[in-house]
A.B. asks: 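Take a look at this one; I'll ask things after.
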Amino acid sequence: MALIVQKYGGTSVGTVERIQSVADRVLKSVQRGDSVVVVVSAMSGETNRLIEMARSIQSEPAPRELDMLVATGEQVTIALLSMALQQRGQDARSYTGAQVPVLTDSEHTKARIKSINTETIKSDLAAGRVVVVAGFQGVDKHGQITTLGRGGSDTSAVALAAALKADECQIYTDVDGVYTTDPRVVPKARRLDRITFEEMLEMASLGSKVLQIRSVEFAGKYNVPLRVMSSFEDGPGTLITLEDENVEEPVISGIAFHKDEAQLTVKGVPDSPGIAYQLLGPIGDANIEVDMILQNVGADDGADFTFTVHRADFDNALKLLRETAEKLGAREVSGNHNIVKISLVGVGMRSHAGVASKMFRVLSDEKINIRMIATSEIKISVVIDDKYLELAVRALHDAFELDTPEVSLN
Ligand code: ADP
Ligand code: ASP
Ligand code: MG
């Protein structure tokens, strides 16, 4: 008998009919003899609908109230799923994050899980019940309702699996696994049988929203066996694993992209110590995360400095940069939010040279200009104009032959 945590995302519980199918799927596991804890998201579109309503009243709603509001989405689906299970003769109980309790810090709208009390869940399981837990939400030590950031139900599921020492955490979604790239953009994308935690973490951080970043971090840290699979059809899905020394890793496992970045440039700043700190200090102080950074030193008229931030922070970052640039006597400040970041990810890159030059050649053949480049041990990212996103991802997917399991470097 295994203990399984199953998470169903928004599309999988998007209608009452779909909730009925989820109940059937949960029941199948129970009939196989497994103990099942289910984590659900809100119905698809619901969290967005709630946020829009809030913003129609206040442009920047208080985070506490926003959490109070959006947490209702998941409260609907836990109750409906429990009813559907009970209707099938299966004893089931729903719990909000606060009832479990899933204890978090007090950072409303982006809280982190600190601990989970598994006592109630364990005694329900022992009594033969299916336990249905609201994803995305928790409670802080003062009893305030918190949420874990968009896509946070993945993290709720993995954290519960870690706390319960579950045999597997299954993430059921609207695709049948993790693909070489977003199958909505590249129809030829191929499902991966397995991907390492490290690669999945890079893919998620670089824009593949199939799993929330934090959930992959958690799974890696607590070694939770994690599988992404379809809630609409049966299949093996994708297993996220530790690196296996006996298996030859492909050079490139996948291509991720991020549409939500924006680029800021300041030209003609003095080329002297402390400049990067002076330019980026106020941005960091305003809690704006800086992603890629590039500095060029010109022949005589100082340095040029370019960096990227999340598109939502663009206006604020540009305003701050203008203020600093004026103080420093810089020549020009400009911004561009029509850019995207595309990244190749693969642990096999560690032992293979030539990936970067091949990437640049492919983009050059397509006459796509590269604005910025960043590399690390297992990834290469480029920033290009957003109008070339699909062309670039498809050309790279073809050139690296990601639609076939073997990868060539020629
Ligand atoms: P859920 O509501 O179940 O949490 P999400 O929309 O958060 O589902 O995640 C699933 C989506 O992730 C897919 O529909 C797909 O478009 C997208 N996606 C992005 N990159 C990938 C990838 N590499 N593999 C699979 N899906 C991906
Ligand atoms: N309902 C939340 C969201 O839309 C959490 C989740 O779906 O994982 O972000
Ligand atoms: Mg999701």
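In each ligand, atom 1 is the first atom listed, and ligand 1 is the first ligand listed. We number each residue from 1, following the sequence as shown.
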A.B. asks: Check whether any side-chain N or O of R191 sits under 3.5 Å from a backbone N or O of T238 as a donor-acceptor pair, and report yes or no.
C.D. replies: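 Flag not set: sc R191 to bb T238 has no pair under 3.5 Å.
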
A.B. asks: Any atom of ligand 2 sitting under 4.0 Å from a heavy atom of G151?
C.D. replies: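 G151 counts as a contact of ligand 2 under the 4.0 Å cut-off.
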
A.B. asks: Of the choices K209, R190, Q212, which has the non-hydrogen atom that lies closest to atom 7 (O) of ligand 1?
C.D. replies: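 Shortest heavy-atom distance from atom 7 (O) of ligand 1: K209.
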
A.B. asks: Which atoms of ligand 1 sit under 4.0 Å from any heavy atom of K7?
C.D. replies: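 Close to K7: 4 (O).
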
A.B. asks: Counting only heavy atoms, which portion of E74 has something under 4.0 Å from ligand 2: side chain, backbone, both, or neither?
C.D. replies: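 Within the 4.0 Å criterion, E74 contacts ligand 2 through side-chain atoms alone.
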
A.B. asks: Indicate the atoms forming the closest heavy-atom contact of F136 with G149, along with that distance.
C.D. replies: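 Nearest heavy atoms, F136 then G149: CE1-O, 3.2 Å.
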
A.B. asks: Minimum distance, heavy atoms only, to atom 24 (N) of ligand 1: which one of Y179, Y172, Y8 is it?
C.D. replies: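 The option holding the nearest heavy atom is Y179.
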
A.B. asks: What do we get for I171 next to ligand 1 when only non-hydrogen atoms under 4.0 Å count, side chain, backbone, both or neither?
C.D. replies: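 It is neither; nothing of I171 touches ligand 1.
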
A.B. asks: With a cutoff of 4.0 Å, is G135 in contact with ligand 2, counting heavy atoms of the residue only?
C.D. replies: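 No, that is not the case, since the closest heavy atom of the residue is not under 4.0 Å from the ligand.
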
A.B. asks: More than 12 foreign heavy atoms under 6.0 Å from CD of Q75: is that the case here?
C.D. replies: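 No.
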
A.B. asks: Numbering the atoms of ligand 1 from 1, which are under 4.0 Å from a heavy atom of V178?
C.D. replies: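 With V178 as reference, the close atoms of ligand 1 come out as 24 (N).
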
A.B. asks: Among all protein heavy atoms, pick out the one at the shortest distance from atom 27 (C) of ligand 1; state its residue, atom name and that distance to 0.1 Å.
C.D. replies: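 I find the closest protein heavy atom is V210 CB, 3.7 Å.
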
A.B. asks: Look at atom 8 (O) of ligand 1 and say which protein heavy atom is nearest, naming residue and atom and giving the distance to 0.1 Å.
C.D. replies: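 Ranking protein heavy atoms by distance from atom 8 (O) of ligand 1, first comes T173 OG1, 3.1 Å.
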
A.B. asks: Nearest non-hydrogen atom to atom 18 (N) of ligand 1 belongs to which of V175, D182, T11?
C.D. replies: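 Nearest heavy atom to atom 18 (N) of ligand 1 lies in D182.
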
A.B. asks: List ligand 1 atoms under 4.0 Å from S208, heavy atoms only on the residue side.
C.D. replies: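 Selected atoms, number and element: 20 (N).
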
A.B. asks: When you measure from the side chain of E199 to the backbone N and O of V347, does any donor-acceptor pair fall under 3.5 Å?
C.D. replies: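 Yes, because the side chain of E199 sits within donor-acceptor range (under 3.5 Å) of the backbone of V347.
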
A.B. asks: Where is the nearest protein heavy atom to atom 2 (O) of ligand 1: which residue, which atom, and how far?
C.D. replies: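 I find the closest protein heavy atom is G10 N, 3.2 Å.
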
A.B. asks: If you measure every N/O of R150 against every N/O of ligand 2, is any gap under 3.5 Å?
C.D. replies: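 Such a contact does occur with ligand 2.
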
A.B. asks: When you compare the side chains of T146 and T104, does any donor N or O come within less than 3.5 Å of an acceptor on the partner?
C.D. replies: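 Looking only at side-chain atoms, T104 and T146 do form a donor-acceptor pair, the distance falling under 3.5 Å.
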
A.B. asks: Closer than 4.0 Å to some heavy atom of S41 - which atoms of ligand 2 meet that?
C.D. replies: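 In order of numbering, the contacting atoms are 6 (C), 7 (O), 8 (O).
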
A.B. asks: I'd like to know if the side chain of Q263 reaches the main chain of F307, judged simply by a donor and an acceptor atom lying under 3.5 Å from each other, with no hydrogens or angles considered.
C.D. replies: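 Checking the backbone N and O of F307 against the side chain of Q263, no donor-acceptor pair under 3.5 Å is found.
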
A.B. asks: Rounded at 0.5 Å granularity, tell me how far CD in E46 sits from OG in S41.
C.D. replies: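 Those atoms lie 12.0 Å apart.
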
A.B. asks: Is atom 20 (N) of ligand 1 less than 4.0 angstrom from some protein heavy atom?
C.D. replies: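 Given the 4.0 Å cut-off, atom 20 (N) of ligand 1 counts as touching protein heavy atoms.
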
A.B. asks: With heavy atoms of D174 as the reference, note each atom of ligand 1 found under 4.0 Å away.
C.D. replies: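 Under 4.0 Å from D174, ligand 1 has these atoms: 10 (C), 11 (C), 13 (C), 14 (O).
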
A.B. asks: Parallel, tilted or perpendicular: which one describes the rings of Y172 and Y8, with boundaries at 30° and 60°?
C.D. replies: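 Answer is parallel, since the angle falls under 30°.
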
A.B. asks: Is there a donor-acceptor contact under 3.5 Å from the side chain of R18 to the main chain of T11?
C.D. replies: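 Indeed, once roles are kept as given, a pair shorter than 3.5 Å links the two residues.
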
A.B. asks: I need the nearest protein heavy-atom contact for atom 25 (C) of ligand 1: residue, atom name and distance, please.
C.D. replies: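 Going atom by atom, the protein heavy atom closest to atom 25 (C) of ligand 1 ends up being G177 O, 3.4 Å.
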
A.B. asks: Using a 4.0 Å cut-off to any heavy atom of R184, which atoms of ligand 1 qualify?
C.D. replies: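 Answer, ordered by atom number: 13 (C), 14 (O), 15 (C), 16 (O).
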
A.B. asks: Should the pair K341 and F257 be classed as cation-pi, given the thresholds of under 6.0 Å to the six-membered ring centre and 45° from the axis?
C.D. replies: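 No, a cation-pi geometry is absent between K341 and F257.
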
A.B. asks: Check whether H352 reaches the backbone of G348 with its side chain - one donor and one acceptor, N or O, closer than 3.5 Å.
C.D. replies: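 Judged by distance alone, yes, a pair lies under 3.5 Å.
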
A.B. asks: Within the side chain of R214, is there an N or O that forms a donor-acceptor pair under 3.5 Å with the backbone of G152?
C.D. replies: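 No.
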
A.B. asks: Using a 3.5 Å cut-off on N or O atoms only, is G149 in polar contact with ligand 2?
C.D. replies: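 So ligand 2 has no N or O lying under 3.5 Å from an N or O of G149.
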
